[in-house]
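Below is one structure, written out as structure tokens; comments come after it.
To find a chain, count down the sequence lines: A is the first, B the second, and so on, and within it residues start at 1.
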Number of protein chains: 2
Amino acid sequence: MKIAEVSKRYDISADTLRYYERVGLLRHVPRTESGIREYNETNCSTIEFLKCMRAAGVSIEALIEYMDLFDEGEETAPARKALLEEQRDLVRERIADLQAGLDRLNYKIANYETIILEAEKSMRPGAEPAQPGSRLCDSCGEGQA
Amino acid sequence: MKIAEVSKRYDISADTLRYYERVGLLRHVPRTESGIREYNETNCSTIEFLKCMRAAGVSIEALIEYMDLFDEGEETAPARKALLEEQRDLVRERIADLQAGLDRLNYKIANYETIILEAEKSMRPGAEPAQPGSRLCDSCGEGQA
DNA sequence: GAACCACTTAGAGTGGACTTCAGGTCAAGG
DNA sequence: CCTTGACCTGAAGTCCACTCTAAGTGGTTC
């Protein structure tokens, strides 16, 4: 597989693939006689792994470290495991932060729903004026204070 | 509250607080006569909100847009709600990506556990040599092929 | 055999989000 | 009065992870 095909298959630009190789994330990519990259199945599964890890926010640096260990041989298995565990913990933290943000967004959205409904109600003919308590939520907090 | 106190309270550098104000994320921060920022409670809750949103990966740009709408008045409530919903969807996507990465990390870690145990077993005196199938997982894929 | 296209390289440029710097002001303490 | 330290400003610098550019090569097609 040439670079264009891999690029399309994994939706990663050819530039990025070359970059990954240059910085040591992707190693042992065979070449044709004329120097053109010919990705094999091993390369592909590495790429897929990298894509997944990058999407999870794992840094290029950590991944390079992992690849370094890998190339050093079997005896680095415990170190690699430790590295993955460290990264896993970071991903968990990130998920917790995102979840907190998501909860907050949901809360605010629900709040807007109420507010907008109230505003519409008070716009209908013959409606009494809007309640003082139903003002828009402030620029940041969610409560009335 | 002066900038140093706010910085400590929310664990955000004073530089970042000034930066947020400069780009329009944080508005209406009162000043003392000599020009020193005196953050009030409204500012604080905005800061807390910003911190949460940033931790969830919401871009500075989107947050500025939100603040812009906010300053335009009550009639932008539906637009603000739409903006938050859009951001919420992005956060959900991000969580899904992280979760996929987390699952994969857990899988790989479990794999290493097995591998390391096997390696230790075969190192004990009198053990038969390691199985051919128990080699280290490859640099990316999780299976044996 | 010229055009064309995908590929190659080294190196420079980009965008987002800060972060640091240089130089300046102000209030309090010795 | 002078120093100290926290604050101020605008502008430049930094970091990460790409992304693009320029200049060139190799193989196929009309």
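With hydrogens and angles disregarded, no donor-acceptor distance shorter than 3.5 Å links the side chain of A:Glu38 to the backbone of A:Arg31. Between the side chain of A:Lys51 and the main chain of A:Ile12, no donor-acceptor pair closer than 3.5 Å is present.
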What side-chain donor-acceptor pairs closer than 3.5 Å can you find for residues 86-95 of chain A, not counting sequence neighbours?
| residue | atom | partner | partner atom | Å |
| --- | --- | --- | --- | --- |
| A:Arg88 | NH1 | B:Asn106 | OD1 | 3.2 |
| A:Arg94 | NH1 | A:Ala56 | O | 2.5 |
| A:Arg94 | NH1 | A:Gly57 | O | 3.4 |

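Nucleic acid contact class of B:Arg22 (heavy atoms, under 4.0 Å, all strands): base. Using a 4.0 Å heavy-atom cutoff across all strands shown, B:Ser13 reaches sugar-phosphate atoms only and no base atom. Within the nucleic acid shown, B:Arg37 comes within 4.0 Å of sugar-phosphate atoms alone, with no base atom in reach, counting heavy atoms only.
Both A:Ile36 and A:Tyr20 lie close to DNA chain D; mapped to their nearest nucleotides by heavy-atom distance, the more 5′-ward contact belongs to A:Tyr20. Nearest-nucleotide assignment on DNA chain C puts the 5′-proximal partner with B:Ile60, out of B:Ser34 and B:Ile60.
Both A:Leu69 and A:Ile64 belong to a common hydrophobic cluster when Ile, Leu, Val, Met, Phe, Trp and Tyr are linked at side-chain heavy-atom distances under 4.5 angstrom.
Ring pair B:Tyr66/A:Tyr112 is perpendicular by interplanar angle, where above 60° counts as perpendicular and below 30° as parallel.
In summary, contact between chain B and DNA chain D, defined as any nucleotide atom under 4.0 Å from a heavy atom of the protein, begins and ends at D:dC7 to D:dT9 in the 5' to 3' direction. Along DNA chain C, the stretch of nucleotides lying under 4.0 Å from any heavy atom of chain B spans, 5' to 3', C:dA17 to C:dC26.
Between B:Arg27 and B:Asp68 there is a salt bridge, since a side-chain N of the basic residue sits under 4.0 Å from a carboxylate O of the acidic one.
Within 6.0 Å of CD on B:Glu61 lie no more than 12 heavy atoms contributed by other residues, nucleotides or ligands.
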